[in-house]
2 protein chains.
Amino acid sequence: MTQTRSSRRVPRGEKRRDEIAAVAERVFLERGYSETTMQHIADYAGASKETLYRHFGCKGTLFSEVMRRRSSEVMSGEEDGALCGSPPEVLFSLALNLLHLLTRADSLRLYRVVVAETPREPELGRIFYGQGPGRILTRLTDYLDETGKKGELNVPNPSLAARLFIGSVTTFHQIQGLAMQATFPDAELQIHAREAVALFLARYGA
Amino acid sequence: MTQTRSSRRVPRGEKRRDEIAAVAERVFLERGYSETTMQHIADYAGASKETLYRHFGCKGTLFSEVMRRRSSEVMSGEEDGALCGSPPEVLFSLALNLLHLLTRADSLRLYRVVVAETPREPELGRIFYGQGPGRILTRLTDYLDETGKKGELNVPNPSLAARLFIGSVTTFHQIQGLAMQATFPDAELQIHAREAVALFLARYGA
DNA sequence: CGATAACCGAACTCGTGGGTACAGTTAATA
DNA sequence: TATTAACTGTACCCACGAGTTCGGTTATCG
């Protein structure tokens with residue numbers, strides 16, 4: 001009857017490390033870097049501070065590792081297959097996926113933390129950009145380039161066109177999510193996506 | 001010879017208050033809320049902590065007041081006259097002004113702080129949005145609406161069109177500024193602005 | 001000139017959080 | 001089942017920052 005804690009087998013080694021990292025990710029995303037204490041993470045994970053420090057050395061390292069990994073998975077799941085299909089279909093589906101992705105609460109939280117902590121941790125910003133916006137930009141640029149060469153679109157400057165499209169899709173919902181904690185009904189996202197595609201095709205359609 | 005300090009007449013009352021607020025604004029923008037200490041502000045202002053607390057009560061109040069005022073002046077100077085002129089001119093000039101505004105270091109700093117501190121201070125986000133992006137959106141929407149009625153443009157949904165335009169102009173430069181500390185030559189901003197206008201007019205031109 | 005209220009500097013309290021130490025417990029492995 | 005390394009919990013150290021206090025200085029106003 002010495003079962004003080006919640007009768008749970010506590011794993012060792014890498015498994016424990018991963019559990020703690022997962023908890024730390026959640027807490028950092030919810031409260032930001034400086035509002036998160038190591039004790040808080042330890043409590044949530046049912047761990048002791050000593051274990052945190054044995055695995056990660058210090059708070060900054062834990063934060064970096066965890067946010068870095070998360071930044072590398074911004075797009076996980078969504079939008080992984082290569083862009084293919086007719087331009088209207090591809091663009092609409094990309095637009096809708098983007099809107100869904102970046103109005104999700106945890107995406108906004110990640111963006112918030114990255115923006116806030118990049119001055120203290122410049123590499124974090126670069127990783128996030130490369131894995132998130134940068135990757136999408138590259139893929140869309142490639143798609144526009146190829147499609148242009150096939151004559152299905154008329155896009156003199158694919159990279160510029162891609163930036164304009166992605167911007168037109170995402171900006172306002174993101175700003176409103178960040179600054180006003182706004183949420184959006186799916187119908188509105190669909191209308192927005194549809195019109196963004198129409199705008200794009202009005203100039204770059206073949 | 002008791003002239004320890006830098007032989008400067010230190011004003012009293014409101015003037016001193018304003019000096020301190022100005023210093024606090026700079027420091028908060030540079031270091032964020034939690035990385036800024038009251039002592040640091042006091043040192044920069046050549047003031048004592050007691051004076052800070054007499055004028056502002058506590059750190060949170062000082063931060064709120066100073067960031068709130070700053071948020072209300074996001075657009076000061078730029079873009080204050082009513083939008084008027086032919087659509088291509090108005091749109092191009094708006095686009096260029098926006099790009100200049102939000103690639104400026106202090107604009108990025110303000111945005112960064114607002115995004116970071118909005119969870120702790122929701123009103124800050126609302127004020128910023130209302131005085132910054134929201135105001136621009138409203139003004140452009142009104143302009144598009146009027147111009148549409150005059151038959152110079154064909155804009156069924158002015159608010160949506162305005163969001164698409166502003167987004168296409170701003171997004172990527174802002175993200176790159178925030179996450180990569182990138183800077184941009186003026187020529188690039190001009191090209192971007194020009195193409196954003198062309199894109200818009202391809203769909204909404206009369 | 002005074003008088004006085006605002007100011008400064010410095011020393012203080014107090015809570016908190018990063019990080020460490022240690023004694024007891026438990027999962028893993030042979 | 002015996003051994004051991006990894007774990008937990010607690011108590012601890014130390015630095016630092018918010019906010020206060022106070023004696024001395026100085027701008028301001030009559």
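What you are looking at is a predicted structure, and each value in this text was computed from that prediction instead of being measured. Every chain is numbered from 1 and lettered A, B, ... according to where its sequence line falls, protein lines coming before strand lines.
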What is the ring orientation for A:Tyr33 with A:Phe28, classed by angle as parallel under 30°, tilted 30 to 60°, or perpendicular over 60°? parallel
Quick one: list whatever passes side-chain contact (heavy atoms from CB on, under 4.5 Å) with A:Arg194, sequence neighbours left out. A:Phe92, A:Gln190, A:Ile191
What nucleic acid atoms does B:His55 come within less than 4.0 Å of, heavy atoms only: base, sugar-phosphate, or nothing? sugar-phosphate
Would you say A:Leu164 and A:Tyr204 make side-chain contact, with heavy atoms under 4.5 Å? yes
Does the side chain of A:Met67 come within less than 4.5 Å of A:Leu29's, by heavy atoms? yes
For B:Arg70, give me all partners under salt bridge (charged side-chain N to carboxylate O under 4.0 Å, His left out), at least two apart in sequence or on another chain. B:Glu25, B:Asp106
Once you round to the nearest 0.5 Å, how far does [atom1] of [X] lie from [atom2] of [Y]?
| X | Y | atom1 | atom2 | value |
| --- | --- | --- | --- | --- |
| B:Leu140 | B:Leu98 | CG | CG | 9.0 Å |
| B:His55 | B:Glu50 | NE2 | CD | 10.5 Å |
| A:Leu101 | A:Arg104 | CG | CZ | 5.5 Å |

Does anything in residues 16-29 of chain A reach DNA chain D, meaning a heavy atom under 4.0 Å, and if so which residues? A:Arg16
For DNA chain D, what residues of residues 112-119 of chain A have any heavy atom nearer than 4.0 Å? none
Give every pair of a protein N or O atom and an N or O atom of nucleotides 28-30 of chain C that lie under 3.5 Å apart, one pair per line with the distance.
from   : atom 1 : to     : atom 2 : distance (Å)
C:dA28 : OP2    : A:Arg9 : NH2    : 2.2

Protein within reach of the bases, or only the backbone? For nucleotides 16-22 of chain D, mark each nucleotide 5' to 3' as B, S or -, using heavy atoms under 4.0 Å. -SBBBBB
So, is A:Thr51 near the phosphate of D:dC7, with a side-chain N or O under 4.0 Å from OP1 or OP2? no
Kindly say whether A:Ser93 contributes a backbone atom to a donor-acceptor pair with the side chain of A:Asn97 at under 3.5 angstrom? yes
B:Glu121 and B:Ser64: side-chain donor and acceptor closer than 3.5 Å? yes
Assess the side chains of B:Ser159 and B:Arg163: does a donor N or O sit below 3.5 Å from an acceptor N or O? yes
Nearest whole angstrom, please: distance from the C1' of C:dC8 to the CG of B:Asp43. 12 Å
Would you kindly give the CD-to-C1' distance between A:Glu14 and D:dC7, to the nearest whole Å? 15 Å
Salt bridge present between B:Arg17 and B:Glu65 (N-O < 4.0 angstrom): yes
Strictly below 4.0 Å, N to O, side chains only: are B:Glu19 and B:Arg16 in salt-bridge contact? yes
